[in-house]
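Data block below; observations after.
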Amino acid sequence: MTLEARKIRLVMELRQQGITDQAVLSAIERIPRDVFIPAAFHDQAYENTALPIGQGQTISQPSVVGYMTQALEVGPRMKVLEIGTGCGYQAAVLSKLCRRVYSIERYRELLRDAEERFRTLRIGNVTTRWGDGMKGWPEQAPFDRIILTAAATEVPPELFQQLGADGILIAPIGRTSHDQVLVRYRRKGDEWETENLWPVRFVPLLDGTVNDVKTRSKTTIELNRQDS
Ligand code: SAH
């Protein structure tokens, strides 16, 4: 079966699983997922599974990308902030649905590869930054939508502050990889409406940045705080 045929089969599977927003399905159909994953996994590019992308990170499962994108209720004039570019797949899917995607990644290497893919695919409306996504992107705020693709124990307050009126923010929230749930926050004036959507499993949102593979171990040093 060709990659193209496998992609069509995957899109049909996603529709059966409840991703019914036609714009989201066509965005997924337009983005070649094989471009975003290491060559060794190309034959699995259109299976509904998460796959490794290096640096201990993963490309999300297509159904998770589909559900999250649908839950974000993206419109064509919107500015969307993504935390955790990873290989760039989610950003590429969003790029077909909104005006501009701003995406932040803490691993410099992953970001370089993602940028290369956007160039290859001639995706011109994704702007990226190497940095700590917990701080958001204040210079570009407010955003209509914010999506976290790494799990946090709680949403960093800076991100809420950077969400515009009637904005939606979605994030995997949980203390361990076993108790995460995807949460949707809707801004209603000064109030927040919170909905727990589904259980998910994402890599953790970590602070700081990582310059390259060699310096990676530095990030594992933890501060030992003593309660007094
Ligand atoms: N959106 C990706 C999934 C990425 S996995 C996709 O489409 O496949 C989550 C990513 O979040 C990882 O690449 C990880 O390095 C990144 N990440 C974790 N904490 C971060 C932070 N504080 N700032 C920016 N990126 C972060």
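Every number for a ligand or one of its atoms is a count from 1 in the order of the listing.
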- prompt: Taking atom types as modelled and ignoring hydrogens, do the side chains of Gln90 and Thr69 form a donor-acceptor contact shorter than 3.5 angstrom?
  reply: yes
message: If we set the cut-off at 4.0 Å for heavy atoms, which region of Pro204 has an atom near ligand 1: side chain, backbone, both, or neither?
response: backbone
- prompt: Just which atoms of ligand 1 are under 4.0 Å from any heavy atom in Cys87?
  reply: 8 (O)
- request: Record the part of Thr58 in heavy-atom contact with ligand 1 below 4.0 Å; permitted values are side chain, backbone, both and neither.
  value: backbone
- request: Quick one: look up the protein heavy atom nearest atom 11 (O) of ligand 1 and list residue, atom name and how far away it is.
  value: Gly84 CA, 3.2 Å
- prompt: Does the side chain of Asp34 pick up a donor-acceptor pair with the side chain of Tyr46 at under 3.5 Å?
  reply: yes
message: For Phe36 and Tyr89, take the angle between the two ring planes, folded into 0 to 90°, and tell me which bin it lands in: parallel under 30, tilted 30 to 60, perpendicular over 60.
response: perpendicular
query: Is the closest heavy-atom distance from Ala91 to ligand 1 below 4.0 Å?
result: no
query: Which of the atoms of ligand 1 are close to Ser60, meaning less than 4.0 Å from one of its heavy atoms?
result: 3 (C), 8 (O)
task: Just jot down the ligand 1 atoms closer than 4.0 angstrom to any heavy atom of Gly131, in number order.
output: 23 (N), 24 (C)
- prompt: Under 4.0 Å from any heavy atom of Val203, which atoms of ligand 1 are there?
  reply: 5 (S), 9 (C)
message: Please list, in number order, the atoms of ligand 1 under 4.0 Å from a heavy atom of Tyr107.
response: 15 (O)
message: List ligand 1 atoms under 4.0 Å from Gly86, heavy atoms only on the residue side.
response: 4 (C), 13 (O)
Arg184 with Glu73: basic N within carboxylate O range, under 4.0 Å: yes
- prompt: Looking at atom 9 (C) of ligand 1, what's its closest protein heavy atom, distance included?
  reply: Thr149 O, 3.3 Å
query: Do side-chain atoms of Gln57 reach the backbone of Gln55 as a donor and acceptor pair under 3.5 angstrom?
result: yes
statement: The closest protein heavy-atom partner of atom 23 (N) of ligand 1 is Gly133 N, 2.7 Å
- request: Can you figure out which of Lys135, Glu105, Glu109 has its heavy atom closest to atom 13 (O) of ligand 1?
  value: Glu105
task: Indicate yes or no for a side-chain donor-acceptor contact from Glu47 to the backbone of Thr49 under 3.5 Å, with no hydrogens or angles considered.
output: no
- prompt: With a 4.0 Å heavy-atom cut-off (strictly under), which part of Glu82 contacts ligand 1: side chain, backbone, both or neither?
  reply: side chain
- line: Rounded to the nearest 0.5 angstrom, the CG-OH distance for Asn125 and Tyr102 is 10.0 Å
- prompt: Does Trp137 have Arg129 sitting over its ring (NZ/CZ under 6.0 Å from centre, angle to axis within 45°)?
  reply: yes
statement: One finds that the ligand 1 atoms under 4.0 Å from a non-hydrogen atom of Ala150 are 11 (O), 18 (C)
- prompt: Is ligand 1 under 4.0 Å from a heavy atom in the side chain of Arg106, in the backbone, in both, or in neither?
  reply: both
query: Should the proximity of Leu110 to ligand 1, defined as any heavy atom under 4.0 Å, be assigned to the side chain, the backbone, both, or neither?
result: side chain
- request: May I ask whether Val93 has any heavy atom positioned less than 4.0 angstrom from an atom of ligand 1?
  value: no
task: Indicate yes or no for a side-chain donor-acceptor contact from Asp132 to the backbone of Thr209 under 3.5 Å, with no hydrogens or angles considered.
output: no
task: Using a strict 4.0 Å cut-off to heavy atoms of Tyr89, name the atoms of ligand 1 that fall inside it.
output: 7 (O)
task: Treat each ILVMFWY residue as a node, draw an edge where side-chain heavy atoms are under 4.5 Å apart, and state whether Leu110 and Ile123 are in one component.
output: yes
- prompt: According to the interplanar angle, ranging from 0 to 90°, do the rings of Tyr185 and Trp192 count as parallel (below 30°), tilted (30 to 60°) or perpendicular (above 60°)?
  reply: perpendicular
